[in-house]
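Read through the structure below, which is laid out as structure tokens, and then see the notes.
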Protein chains: 4
Amino acid sequence: MTEVEKQRNNNEKRERILEGALKAFAKKGFYNTKVSEIASEAGVADGTIYLYFKNKDDLLISLFEDRMEWVIERLQAELSAVSGDSLVKLRAFVHLHFLLAVENRDLAEFITVELRQSAKFVKEYKNPKFADYLRILQGLIEQGQAEGLIRAELDSKLVSRAIFGALDEVLLQLTLSRSAPGDVVNESTQISAILIDGLITRD
Amino acid sequence: MTEVEKQRNNNEKRERILEGALKAFAKKGFYNTKVSEIASEAGVADGTIYLYFKNKDDLLISLFEDRMEWVIERLQAELSAVSGDSLVKLRAFVHLHFLLAVENRDLAEFITVELRQSAKFVKEYKNPKFADYLRILQGLIEQGQAEGLIRAELDSKLVSRAIFGALDEVLLQLTLSRSAPGDVVNESTQISAILIDGLITRD
Amino acid sequence: MTEVEKQRNNNEKRERILEGALKAFAKKGFYNTKVSEIASEAGVADGTIYLYFKNKDDLLISLFEDRMEWVIERLQAELSAVSGDSLVKLRAFVHLHFLLAVENRDLAEFITVELRQSAKFVKEYKNPKFADYLRILQGLIEQGQAEGLIRAELDSKLVSRAIFGALDEVLLQLTLSRSAPGDVVNESTQISAILIDGLITRD
Amino acid sequence: MTEVEKQRNNNEKRERILEGALKAFAKKGFYNTKVSEIASEAGVADGTIYLYFKNKDDLLISLFEDRMEWVIERLQAELSAVSGDSLVKLRAFVHLHFLLAVENRDLAEFITVELRQSAKFVKEYKNPKFADYLRILQGLIEQGQAEGLIRAELDSKLVSRAIFGALDEVLLQLTLSRSAPGDVVNESTQISAILIDGLITRD
DNA sequence: CATGAATGAGCCTTCATTCAT
DNA sequence: TATGAATGAAGGCTCATTCAT
């Protein structure tokens, strides 16, 4: 096996472990998942996990890092393909958020449920990748304000938090009820409508 | 000791345990909190907890039930004192949500972080009290739609979820950063503004 | 159960664990002994051990402390009953050393084999009780020097070490071969003969 | 590579592993030393160790065998160069014991601490090389008895044990305190003085 | 022969829960 | 009811050993 092949093999094993962890965490939650279950899911021995991750906490953190990075890359790639003003992009963002979640059910379940715990209780972990995600959203808001399309008096940080919260909670419900992914377009449209135009009736 | 005094004594002890659990869960999370820590916080023996609660899961559920019930009562009392149309009430709801959280910091930390886990992993628990809370919000939306103030085409259930999500996420950030409670008015106002009027600039 | 009885009960349990550990360590050595084996030997549950000792290391250290203390007490009691000059006392010391070992076979096996390891590798443990033991011996030497019976030019600390080493090694052989305890008098006498006649001042 | 070179290469690798093990065992003890640490110290892969030794126990035993053999060779070489009666040789033996230890600090630390454990717990290992070492000492005693210089009534086996114990314990203290090797002459002289003057026949 | 990634048996320790008092 | 000492199942992690390359 050449060095290149070895590296690929290693990455494949690491990825298998991450995928096994994702599946297990999504189904039973971090604290209810045994390391041995992850190993079994990944098709490796228990000890092998510790060749790639320092401990169970590190596995959780690495999973966040890795998957959020992937999400952000996809999001930015798709967003950059969207032409239009910031409102158009915001609608696209909302849509993509749901779309990615529906396409990656385990990931969505994992993040909606575990993100908060880990942010608070996994020691010294500040979840920088999640911050990056929020920053993209915040960037869109600020772009809208610069374009004069979004009200300048709003705190862009607060707004991005609120939007993420709305999306996240709706998604949580979606994953909990394990409803068909068909409604996503409807839900995405409605959320965008509320956010952009508000709840009130216009004449 | 009369029967009445006994009952009160029991309720007091039960309440002490719940309060201890709340404090501990808020600080360290459900899974990182030991039953013995709760007992110590409550000033009772470890075994005593099992006279009032079936097990640790039951304690978590009971805490949700009890505190959500209290929240709902306060919310309904305050809301019923608000005169005005549904939009006024919605603004009041948002404001009260934040206010209650700021006044009950531990409770807010507990709910924002533990609600999702418990909903998903504590077996067979559907969190009916939280459903009640959402239903109040949903009721306000539907009232607004009936009054013609809120767009009829919106799914009231979806909307209430989204609103709760927005509030919850902002609150989470607030409690995580342990910022001063002074900004709550500002935050509440901004969130209401977005929800009701939307993000876009009006002329 | 009264407080006094409780205390006694606790001490009994602690003692049972120490005795179980002693037996197990003597037979298989510290590193080859499982905590569960100690528990089983002591007739308690595994977890019970951790109510009385911080961890396995602490159990080892506590065992040293406790048993050495007992040995020192017995030694001092017996020595104080010996009337005669320092050479008589030294002979008594040697004799007692062997006698105690023969009467407490497990203890002897434990100390001869584990003392060195623990002194070196159990972190930050300086084995003060063993130092006390050596100091008694050193005291006898110095008394002999003061009385003019033992050569003044000898380093009392070095001498006490050497004597202890001689006794300890002979004892080790004794316990390893599990020979009958009958020879102890002979061995003790020979060792004393070698030591004493080498120590005395010449005219 | 010729057969001879191969053999030398193998022996060199085997020796490197032994040396690595010695260093590691001296510093952390047998049970606290990982095979991987030995491999790293020796500059070989973990698996390589198992090409030269059956397992970790075998490595320990082989280390004893190898180093004791070397010690015995040196000792005998030096002793055979000593001319004089058995008492002169005994003094030389004591001196050499300390000298070798000071010149091979790791070896001294290793033997003083690990010899007893291994003798007792490494299954079915009787440490023949150590027995050889003792036999040299015993031979000197018996020679002295034959020459009429050492009291005939003493058990030469017991005496050799006692002498070894005295030397070993003093050495242990020396290595534990990591004192300067300068005192060795003094210590050696004192120990010899005690031992010899106690052993000789009186006129 | 040499490598070192992979294995998985094994063990210390924790902690929710029980129960004799 | 209340206690808290005792329990023992369970799980994270280590590390000696193996084996495909």
Contact under 4.0 Å: C/Y52 side-chain N or O vs F/dA5 OP1/OP2
no
Under 4.0 Å, counting only non-hydrogen atoms across every strand here, what does [X] touch: a base, just sugar-phosphate, or nothing?
X     : answer
B/F53 : nothing
B/Y31 : nothing
C/T33 : sugar-phosphate

Would you mind telling me which of [options] lies closest to the side-chain atoms of [X]?
X     : options               : result
C/A45 : E/dT3, F/dT7, E/dG8   : F/dT7
A/T48 : F/dA6, E/dT7, E/dT17  : E/dT7
B/K34 : E/dA16, F/dG12, F/dA6 : E/dA16
A/Y50 : F/dT18, E/dA2, F/dT14 : F/dT14
A/K56 : F/dA2, E/dT13, F/dG12 : F/dG12

The answer to which of A/S36 and B/G43 contacts DNA chain F further toward the 5' end, by nearest nucleotide, is B/G43
Per nearest nucleotide of DNA chain F, the residue lying toward the 5' end, B/G47 or A/D46, is B/G47
Would you kindly compare D/I49 and C/N55 by the position of their nearest DNA chain E nucleotide and give the one closer to the 5′ end?
D/I49
Closest-nucleotide 5' rank along DNA chain E - winner of D/L51 and B/V35:
D/L51
Given atom [atom1] of [X] and atom [atom2] of [N], what is their separation to the nearest angstrom?
X     : N      : atom1 : atom2 : value
A/L59 : F/dG12 : CG    : C1'   : 12 Å
C/N32 : E/dC12 : CG    : C1'   : 15 Å
B/E12 : F/dA2  : CD    : P     : 12 Å
A/N11 : E/dA5  : CG    : P     : 13 Å
B/D57 : E/dC15 : CG    : C1'   : 14 Å
A/R14 : E/dA5  : CZ    : P     : 15 Å
D/R16 : E/dC1  : CZ    : P     : 14 Å
B/I38 : E/dC15 : CD1   : P     : 12 Å

Show the numbers, then the answer: is there a salt bridge (charged side-chain N to carboxylate O under 4.0 Å, His left out) between A/E109 and A/K27?
CA-CA 8 Å; A/E109 296 197 35; A/K27 191 158 68 182; over 6 Å; no
In this structure, CG of B/L60 is separated from CD of B/Q117 (nearest 0.5 Å) by 9.5 Å
Within a radius of less than 6.0 Å around NZ of C/K23, do more than 12 heavy atoms belonging to other residues, nucleotides or ligands occur?
no
Determine, using ring centers only, whether A/F110 and A/F64 are less than 6.0 Å apart.
yes
Tightest non-hydrogen contact, residues C/I17 and C/V44, listed as CG1-CG2, 4.2 Å
When every non-hydrogen atom of B/T175 is compared with those of B/A108, the smallest separation belongs to CG2-CB, 4.2 Å
Would you mind checking if B/R67 and B/E15 are paired as a salt bridge, meaning a charged N to carboxylate O distance below 4.0 Å?
yes
Between D/K56 and D/F30, is NZ or CZ placed under 6.0 angstrom from the six-membered ring centre and within 45° of the ring axis?
yes
Let me check I have this right: for DNA chain F, each base becomes ., (, ), [, ] or |, based on Watson-Crick or G-U pairs with both distances under 3.5 Å. What is the full string?
.||||||||||||||||||||
